[in-house]
2 protein chains.
Amino acid sequence: MPPKRQHKADAKAAAHPHAKPRPLTRIQREKQDLILEAALDVFSMHGFRGSTIDQIAEVAGMSKPNLLYYFPRKEEIHRRLMSALLDTWLAPLKEMDATGDPFPEIRSYIRRKLEMARDFPRESRLFANEMLQGAPRIIEMLEVDLRNLVDEKAQILLGWMDQGKLAHTDPYHLIFSIWATTQHYADFDVQVRAVLGKDRGGEGRFEDAARYLEQLFLFGLTPRSTAPRKS
Amino acid sequence: MPPKRQHKADAKAAAHPHAKPRPLTRIQREKQDLILEAALDVFSMHGFRGSTIDQIAEVAGMSKPNLLYYFPRKEEIHRRLMSALLDTWLAPLKEMDATGDPFPEIRSYIRRKLEMARDFPRESRLFANEMLQGAPRIIEMLEVDLRNLVDEKAQILLGWMDQGKLAHTDPYHLIFSIWATTQHYADFDVQVRAVLGKDRGGEGRFEDAARYLEQLFLFGLTPRSTAPRKS
DNA sequence: AAAAATTTTGACCAGTTGGAAAAATGTTAG
DNA sequence: CTAACATTTTTCCAACTGGTCAAAATTTTT
């Protein structure tokens with residue numbers, strides 16, 4: 001039997017699962033990063049089905065077969081992006097600390113999320129695209145990891161509420177509303193820009209958003225001088 | 001010259017632009033609705049590029065050429081959906097009335113938007129998909145119609161603020177935050193369900209959301225009994 | 001019931017898609 | 001230098017894509 005052609009970099013490792021996988025070469029790391037970067041561009045705009053390997057390859061500046069040498073299937077690229085993404089995405093929430101006070105904690109959570117919308121809009125859109133499609137590739141992670149994390153943080157919020165440090169309300173929907181309002185600035189960026197126009201739609205929009213959201217979440221819309229209305 | 005075959009229902013009308021277009025037959029109306037309904041299913045999940053005519057035809061229960069008899073191109077279907085959508089979508093905001101009081105107006109705006117997220121989730125996702133892709137097909141409408149409408153309503157909000165009926169804040173971001181928080185329940189439905197789990201994730205989630213959002217927007221997160229924190 | 005118009009179907013097409021195979025070209029350790 | 005390996009290119013393919021076309025089936029009008 002002639003030795004099988006070695007089409008993938010880790011073919012040897014795969015043949016013998018317990019063999020130490022040879023470390024990636026410099027070129028492998030560089031090219032994989034290049035591909036993932038390009039794929040993020042494409043997937044985040046068109047979703048999984050709407051994106052083609054050719055498009056990704058073109059953005060990455062290489063031929064399609066060459067790209068397929070590093071990632072043998074399209075799904076593989078997407079999977080890699082998604083699993084890297086989830087960690088990044090949940091990190092800000094993980095930082096919310098029970099020993100802190102609610103308002104500083106919530107405020108800095110909002111800030112971090114808003115910074116992510118500003119600095120990593122493609123990641124946000126990639127995530128949104130996956131959600132819109134029913135999250136077929138990450139649903140289990142949502143139901144386990146995400147759910148556990150949110151449960152845990154909801155307990156913290158409830159604790160603060162019981163201590164009278166925070167208005168008593170639904171902690172889950174509180175978290176949802178922070179996700180929604182912050183990610184909006186990445187996912188619906190076109191709309192935000194269209195509405196704000198050229199002058200107000202510059203980079204300053206993130207500071208305006210931060211100021212507004214802080215006020216909304218920390219002080220609410222009720223005018224401070226007026227007693228809350230009934231009904 | 002032999003008379004051209006009449007492949008499209010309105011070919012005659014098109015030949016003579018000022019001729020009164022013959023009204024659609026019953027079958028034409030029914031089938032077009034059937035197709036648009038199916039297309040909404042498909043486009044809202046996969047976006048324009050990720051959807052195929054075959055898929056739509058299958059959901060609509062007809063053959064691809066038959067579908068193409070009613071809508072000669074894929075874009076046409078999408079265009080029809082989008083233009084019908086924008087009207088529906090902006091209707092709730094249009095209702096916000098300067099002569100009313102801010103809190104009832106804002107509260108019922110939130111309610112209407114939340115009802116739309118509950119009753120028309122596919123429309124919401126179709127819209128979200130278009131946004132994620134940079135809104136190539138509706139950008140002008142956003143920059144003109146949407147922008148004018150929001151400008152107008154922002155003026156109303158500013159008026160209320162000047163009268164001391166509403167906390168002084170950024171009216172544009174206020175509107176954004178209402179859009180974001182309500183549409184979240186349609187666009188990120190999978191995530192919401194995954195986090196809330198089977199028991200809390202039923203239809204009741206919309207009522208919980210309504211209650212929470214009302215509280216957030218009307219009273220804010222600051223505990224009523226405590227003076228607002230400094231810094 | 002015939003004629004006219006509308007609707008549906010089946011066969012087809014050119015371009016695109018994800019991917020395979022193999023040959024050609026670099027790169028590196030001994 | 002050269003053998004072993006890593007990378008890239010060329011060629012190819014079967015399935016799918018949006019869309020056409022003529023004929024057949026059906027419905028509507030006269």
Side-chain angles (χ1 to χ4, degrees), chain A residues 2-16 19-35 38-39 42-43 46-80, chain B residues 2-15 19 21-35 38-39 42-43 46-79 137:
Chain A
K4 250 196 199 154
R5 253 191 5 89
Q6 174 162 346
H7 204 63
K8 301 165 63 169
D10 51 358
K12 252 183 191 163
H16 203 318
K20 169 163 52 176
R22 148 177 336 214
L24 297 178
T25 67
R26 174 186 50 87
I27 291 186
Q28 281 171 342
R29 247 177 298 114
E30 283 177 8
K31 296 273 162 138
Q32 287 193 6
D33 287 353
L34 200 68
I35 291 168
V42 178
F43 281 140
H46 301 292
F48 183 76
R49 294 221 29 197
S51 305
T52 71
I53 300 183
D54 287 285
Q55 261 180 104
I56 299 172
E58 198 196 321
V59 174
M62 63 178 75
S63 68
K64 176 170 62 170
N66 195 186
L67 182 152
L68 284 166
Y69 169 73
Y70 291 101
F71 291 90
R73 11 212 86 249
K74 184 184 172 186
E75 267 210 352
E76 202 66 24
I77 309 175
H78 195 265
R79 243 173 29 78
R80 275 279 294 270
Chain B
K4 250 195 198 154
R5 252 187 15 81
Q6 174 164 347
H7 204 64
K8 301 164 65 168
D10 51 357
K12 254 182 194 162
R22 149 175 339 211
L24 297 179
T25 67
R26 174 186 50 89
I27 292 185
Q28 281 171 344
R29 246 178 299 116
E30 284 177 9
K31 295 275 161 133
Q32 286 193 8
D33 287 353
L34 200 68
I35 292 168
V42 178
F43 280 139
H46 301 292
F48 183 76
R49 293 217 30 195
S51 304
T52 71
I53 299 184
D54 286 285
Q55 260 179 105
I56 300 172
E58 198 196 320
V59 174
M62 63 177 75
S63 68
K64 176 170 61 171
N66 196 186
L67 183 151
L68 285 166
Y69 169 73
Y70 293 100
F71 291 91
R73 11 214 88 246
K74 185 184 172 186
E75 267 210 352
E76 201 66 23
I77 310 175
H78 195 264
R79 245 176 23 81
R137 282 165 285 268

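So you know, we letter chains A, B, ... as the sequences are listed, proteins then strands, and number each from 1. Just so it is clear, the structure is predicted and the values come from calculations on it, not from any experiment.
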So does A:E76 have more than 12 non-hydrogen atoms from other groups sitting under 6.0 Å from CD? yes
Over all heavy atoms of both residues, which pair between A:I35 and A:A60 is shortest? Give the atoms and the distance, please. CA-CB, 4.3 Å
Closest non-hydrogen atom pair, A:I56 against A:A38: O-CB, 3.6 Å
Just the rounded figure in Å: distance from P of C:dG19 to CG of A:L67. 11 Å
Interatomic distance, A:Q32 CD vs D:dT7 C1' [rounded to whole Å]: 13 Å
Are OP1 or OP2 of [N] and a side-chain N or O of [X] less than 4.0 angstrom apart?
X     : N      : value
B:K31 : C:dT8  : yes
B:Q28 : C:dT7  : yes
A:Y69 : C:dG19 : no
B:N66 : C:dT9  : yes
B:S63 : C:dT9  : yes

B:R137 to B:F48 six-membered ring, cation-pi geometry met (6.0 Å, 45°): yes
N/O-N/O pairs, protein side and nucleotides 13-19 of chain D side, under 3.5 Å:
{"unit_1": "D:dG18", "atom_1": "OP1", "unit_2": "B:S51", "atom_2": "O", "d": "3.2"}
{"unit_1": "D:dG18", "atom_1": "OP1", "unit_2": "B:K74", "atom_2": "NZ", "d": "3.1"}
{"unit_1": "D:dG18", "atom_1": "OP2", "unit_2": "B:I53", "atom_2": "N", "d": "2.9"}
{"unit_1": "D:dG18", "atom_1": "N7", "unit_2": "B:K64", "atom_2": "NZ", "d": "2.9"}
{"unit_1": "D:dG19", "atom_1": "OP1", "unit_2": "B:R73", "atom_2": "NH1", "d": "3.1"}
{"unit_1": "D:dG19", "atom_1": "OP2", "unit_2": "B:K74", "atom_2": "N", "d": "2.9"}

Sidechain-backbone polar pair: B:K74 side chain, B:S51 backbone, donor-acceptor under 3.5 Å: yes
In this structure, CG of B:D33 is separated from CD of B:Q28 (nearest 0.5 Å) by 11.5 Å
